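Working notes, structure below.
Computed from heavy atoms alone, side chains included, the values below leave out hydrogens, waters and symmetry copies. Keep in mind it's a predicted model, so treat the numbers as computed, not measured.
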Amino acid sequence: MTLILDGHKLAWHKDRVDAWLAGERVAPITIDCALTRSCSFNCQFCYATLQDNDAQKITQDVIYRFLDDSAEIGVKGISFVSDGESTCSPHLTNAILRGKSNGIDMALGTNGYLLTPEQLEIIMPKLTYLRFNISAGHLDRYKEIHGVGDVEFKRVIANIRSSVALKKKMGLPVTIGLQMVMMPQYGDQVLPLTALGRHLGVDYLVIKHCSDDEDGSLGVDYSKYEALTDTLKYAEGFSTEDYQVSAKWSKIMSEGKRRYSRCYGPPLIAQFSGSGLVAPCGMLFAEKYKKYHIGNIAEQSFKEMWESDRYWEVMGLIASDKFDARTMCGTLCLQHKCNEYLWDMREGGTMEWPHRESDIPEHVNFI
């Protein structure tokens, strides 16, 4: 199994991309969202702390309506990964079951602390991937980076072990991975975490950059990533047939810069806040970006929102010369690789579409 962890999968969605190029109102292929703004951790690198907005109560009825709407308009994958820890929601398990029963590929990104073996046994058969967000392999550094105590680290490791054991016991196709959000000062934890992931028996470890806002509020010094090149290459050498270690080189080495000015990706890969807010992407959740806010799924059906002129006015605004992605939003967003690809297409580039069934990558609906 080889995973695309530093790139995108738009090439396997030609029909949706062609429709977008033709100016049609397309449904997102993938939606990343949270079920709450709450979180059980206090991570140093958390971008969500910069994105406060008015929260609504996300009830089970609201979630079900959103999942039903998503299936009806043609969303292919939903990952509970955004600006909140979705395991804090009492509705997580039922949401995963509802989405999967609707024919949507479901995934979960989590710090892993609140999961239980009993819950894992219910949700893992319904997930395409289960990703644990963990940025240190040593207890002391884990506590410091994630803003927690001893018990959290021990429980998270136990839950990772449980998920791996359940996958083997039940013969599940779910992919279990670790994600390290790496600020340059976390470089000492790359190799310990790499070794830990291999020891625990997970399928992959992805090491990614840390996003910052346009004001540099988190203080990420992108110039210092280059000094970690040898360490990251050494970490990738831990890969085996059953364990993939990948650094997101294209973003880590980009110095936080974009080569495109317009944002084309959100119609195809959308992000919603755990507050219920629908905005084009996670970089624009904060109240100061209200001009880009579309609505709230607690107050309005997502299908109605998607069909509205307001939805497409906002999508058109960020794709116009009135918006400059290089200066008017945060760095290295979720849509970054898709934006590069779509920018090149709009600028007259060409691409080859895959045509063999064997070419289809893992997690194809999480672009």
Side-chain angles (χ1 to χ4, degrees), residues 1-9 12 77 79 81 105 107-112 115 117 120-121 123-125 127-139 141-142 145-146 153-182 186-209 225 227-253 337 354 356-367:
M1 175 179 66
T2 301
L3 301 167
I4 298 175
L5 297 173
D6 183 22
H8 64 85
K9 308 181 190 79
W12 286 272
S79 49
V81 182
D105 287 349
L108 174 63
T110 173
N111 60 39
L115 289 171
L120 286 167
E121 193 163 352
I123 66 175
M124 283 182 58
L127 295 175
T128 298
Y129 72 79
L130 170 61
R131 190 186 75 207
F132 292 88
N133 301 318
I134 176 171
S135 291
H138 288 153
L139 172 60
R141 290 287 276 143
Y142 182 91
I145 292 168
H146 290 287
F153 181 75
K154 294 174 183 177
R155 186 178 297 177
V156 168
I157 297 303
N159 281 334
I160 296 171
R161 291 185 191 277
S162 292
S163 67
V164 172
L166 277 169
K167 174 179 176 174
K168 292 177 180 177
K169 176 184 175 182
M170 302 174 73
L172 300 174
V174 60
T175 303
I176 301 172
L178 308 181
Q179 176 175 274
M180 177 185 193
V181 177
M182 183 187 66
Y186 303 164
D188 64 302
Q189 290 303 296
V190 170
L191 297 181
L193 185 56
T194 300
L196 178 61
R198 184 164 161 176
H199 172 72
L200 291 171
V202 299
D203 297 304
Y204 73 87
L205 165 66
V206 60
I207 304 162
K208 61 168 287 187
H209 64 290
Y225 277 127
L228 296 171
T229 299
D230 290 344
T231 299
L232 293 171
K233 288 181 177 178
Y234 189 74
E236 290 185 327
F238 278 69
S239 297
T240 67
E241 289 185 2
D242 301 316
Y243 178 51
Q244 179 178 335
V245 181
S246 295
K248 289 196 173 186
W249 290 106
S250 65
K251 291 185 177 182
I252 290 171
M253 305 306 291
K337 298 304 294 183
R356 297 195 310 271
E357 189 74 17
S358 60
D359 287 334
I360 298 177
E362 298 285 335
H363 312 165
V364 68
N365 289 329
F366 298 95
I367 60 170

Locate the shortest heavy-atom distance separating [X] from [Y]; write the atom from each residue and the value.
X	Y	result
Asp188	Pro192	O-CD, 3.3 Å
Leu115	Asn159	O-ND2, 3.0 Å
Gln244	Ser246	NE2-OG, 3.0 Å
Ser163	Met124	O-CE, 3.1 Å
Leu172	Leu166	CD1-O, 4.2 Å
Gly187	Thr231	O-CG2, 4.3 Å

Between Asp359 and Trp12, does the side chain to side chain contact (heavy atoms under 4.5 Å, CB included) criterion hold? Intermediate values first, please. CA-CA 9 Å; Asp359 287 334; Trp12 286 272; 3.9 Å; yes
Return yes if some donor-acceptor pair links the side-chain N/O of [X] with the main-chain N/O of [Y] below 3.5 Å, else return no.
X	Y	value
Asp105	Phe366	no
Lys208	Gln179	no
Tyr129	Ser79	no
Gln189	Arg141	no
His146	Ser135	yes
Tyr243	His199	no

Before you tell me yes or no, could you show the steps for Leu108 and Ile123 under side chain to side chain contact (heavy atoms under 4.5 Å, CB included), namely the whole-Å CA-CA distance, both residues' side-chain angles and the distance that decides it to 0.1 Å? CA-CA 9 Å; Leu108 174 63; Ile123 66 175; 4.1 Å; yes
[X] side chain near [Y] side chain, heavy-atom distance below 4.5 Å:
X	Y	answer
Leu228	Ile252	no
Val206	Leu3	no
Tyr142	Ile157	no
Phe238	Leu205	no
Leu193	Ile134	yes

Is there a donor-acceptor contact under 3.5 Å linking the side chains of Asp6 and Ser250?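 Yes, side-chain donor-acceptor contact under 3.5 Å.
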Pairwise distance [atom1]([X]) to [atom2]([Y]) - rounded to 0.5 angstrom:
X	Y	atom1	atom2	result
Ile360	Lys9	CD1	NZ	12.5 Å
His363	Thr175	NE2	OG1	3.0 Å
Met253	Leu232	CE	CG	8.5 Å
His209	Tyr225	NE2	OH	7.5 Å
Arg131	Asp203	CZ	CG	14.0 Å
Phe132	Asn111	CZ	CG	9.5 Å

Between Thr128 and Asn365, does a side chain to side chain contact (heavy atoms under 4.5 Å, CB included) hold up when you go through it step by step? CA-CA 10 Å; Thr128 298; Asn365 289 329; over 6 Å; no
For Glu236 and Trp249, run side chain to side chain contact (heavy atoms under 4.5 Å, CB included): C-alpha distance rounded to whole Å, both residues' side-chain angles, the deciding distance at 0.1 Å, then the answer. CA-CA 11 Å; Glu236 290 185 327; Trp249 290 106; 3.0 Å; yes
